[in-house]
Amino acid sequence: MSTTTSDVKSSAPNEHGYREFTLGGFAFRRDEFFAHITWPTGSHVISIDGFLRALQRDVAWNFFYGTVNFDGVIGTVNHYGNVDLFAGRYNDAYRKAELDHVENFDADVIGPTFKAMLDDWTNADFDPFASPAETGKPFGVKNGNNTPAVTRHRVTASRMVGVPGDETVRTDATHPINRMFADVPQTVPKIEAEPGFEGEVCAFNLFAYLSRSDVTWNPSVVSVCKDSLYCPTTEEYILPIIHGNDRIEWFVQLSDEIKWDVQDRDTGAARAKVTMRAGDVAAMPGDIRHQGYSPKRSMLLVWENASAELPALIASGKAPTSPVEF
Ligand code: PHB
Ligand code: FE
């Protein structure tokens with residue numbers, strides 16, 4: 001029996017208990033340890049832990065900015081309304097062998113399919129957003145679901161965390177302090193507003209807020225000024241995607257250390273290794289892909305420019321791919 005619900009095409013559970021999903025010429029199948037992906041000119045295998053961690057981010061971030069590489073072969077490119085699903089498209093060897101494949105889908109088709117696959121393939125013990133040190137294993141035959149974890153609320157403030165009616169600050173009741181941030185002061189800023197402005201000034205302790213994050217590699221929007229978004233995140237282990245930028249992103253390392261592998265966005269050729277320590281600031285160019293390694297839980301501020309015009313300006317050469325020329 002196969003099921004088609006509102007554009008999600010999937011099979012009955014296979015011998016491991018997991019449904020198989022198709023998107024155009026792509027097919028996705030999971031067994032106890034791996035995701036198997038096939039397309040008309042090839043096939044690929046990804047360890048299920050890495051696959052689910054990447055899929056979780058692609059789903060929760062609504063395909064993010066630009067390219068989300070699950071690894072060096074499979075990924076998506078966001079065209080904001082429609083999405084390319086590709087295999088080998090940004091991999092020199094696949095391109096030269098003409099084995100790469102791309103299909104474009106309406107976000108309303110690929111989004112629900114990815115969501116259904118994430119929910120069906122994530123067992124009760126596994127949380128794809130958690131640090132590997134803080135979750136059970138994803139492996140084995142089908143064993144329940146973890147729907148609350150894979151559909152958890154993503155913080156996206158419309159103005160700022162703590163502003164009345166906006167995203168709320170975190171407390172012991174909702175978000176206990178993470179084991180790695182036990183030493184982070186939990187003081188609350190004192191507001192001294194000019195008379196008449198008492199109801200219009202707001203502040204929160206960002207370090208205390210981040211010390212209570214229960215997820216890793218998940219930038220949340222904590223403040224917004226027009227297109228300028230502050231998206232801090234807490235990191236531990238490896239960024240589960242290799243992000244291909246369609247705009248410049250600024251990184252401010254707020255604590256500890258992350259090492260970044262930076263490659264050419266389209267070929268994957270090595271471009272730089274960047275070690276960022278607390279206080280370091282970097283601009284990631286608009287034509288690269290990058291993956292971060294955080295040996296200890298750290299705090300990173302990702303500063304995004306959400307302007308819808310940027311991808312076309314950069315692609316056409318009208319806007320530069322890095323903010324400074326040395
Ligand atoms: C990024 O691709 O820039 C990125 C994504 C997730 C993070 C940090 C950085 O947690
Ligand atoms: Fe990025």
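Note that these values count all heavy atoms, side chains included, but never hydrogens, waters or copies made by symmetry. Values in this document were obtained by computation on a predicted structure and should not be read as measured data. All ligand and atom numbering here is 1-based and tracks the order in the structure.
Contacts of Met284 with ligand 1, taken as heavy-atom pairs under 4.0 Å, are absent altogether. At a 4.0 Å heavy-atom cut-off, ligand 1 touches Glu235 through the side chain alone.
Assignment of Trp260 to the shell around ligand 1 is supported, since a heavy atom sits closer than 4.0 Å. Residue contacts with ligand 1: Thr216 is excluded, as none of its non-hydrogen atoms falls under 4.0 Å. The shell of residues lying under 4.0 angstrom from ligand 1, judged by heavy atoms, excludes Arg57. Within the structure, the closest approach of Trp61 to ligand 1 falls below 4.0 Å when heavy atoms are considered. Proximity of Tyr65 to ligand 1 is not established, as no heavy-atom distance is less than 4.0 Å.
Among Leu239, Ile242, Ile241, Thr234, the residue whose heavy atom lies closest to atom 4 (C) of ligand 1 is Leu239.
Per-residue contacts place Pro219 under 4.0 angstrom from the following atoms of ligand 1 (heavy atoms of the residue considered): 6 (C), 7 (C), 10 (O). Here is the list of ligand 1 atoms found below 4.0 Å of a heavy atom in Phe251: 3 (O). Ligand-side atoms of ligand 1 in range of Asn218: 10 (O), range being under 4.0 angstrom from any heavy atom. Atom numbering of ligand 1 starts at 1 in the shown order; those under 4.0 Å from a heavy atom of His290 are 1 (C), 2 (O), 3 (O).
His243 has its closest N, O or S atom to the Fe ion (ligand 2) at the position named ND1.
Summary of contacts: the protein heavy atom closest to atom 3 (O) of ligand 1 is Glu249 OE1, 2.9 Å. The protein heavy atom nearest to atom 2 (O) of ligand 1 is His243 ND1, 2.8 Å.
A donor and an acceptor atom, one from each side chain of Thr38 and Ser43, are nowhere located under 3.5 Å apart. Neither side chain, Asp214 nor His175, offers a donor N or O lying under 3.5 Å from an acceptor on the other. Judged purely by distance below 3.5 Å, without hydrogens or angles, the side chains of Ser298 and Ser294 pair a donor atom with an acceptor atom. A side-chain donor from one of Ser211 and Gln186 sits under 3.5 Å from a side-chain acceptor of the other. Defined by atom type and a distance below 3.5 Å, a donor-acceptor pair is present between the side-chain atoms of Glu235 and Thr233.
With the Fe ion (ligand 2) as the vertex, atom NE2 of His290 and atom OE1 of Glu249 span an angle of 100° (nearest 10 degrees).
The heavy-atom pair separating Ala60 from Phe129 by the smallest distance is CB-CZ, 3.7 Å.
The aromatic rings of Phe51 and Trp121 sit tilted relative to each other, their planes meeting at an angle between 30° and 60°. A perpendicular orientation is assigned to the rings of Tyr230 and Trp303, their planes being inclined by more than 60° (bins at 30° and 60°).
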Hey, mind stepping through Phe21 and Phe28 against ring-ring contact (aromatic ring centres under 6.0 Å, His included) and telling me if it holds? CA-CA 5 Å; Phe21 294 84; Phe28 296 81; 8.1 Å; no

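Side-chain heavy atoms closer than 4.5 Å link hydrophobic residues (I, L, V, M, F, W, Y) into clusters, and following such links, even through other members, never connects Met160 to Val224.
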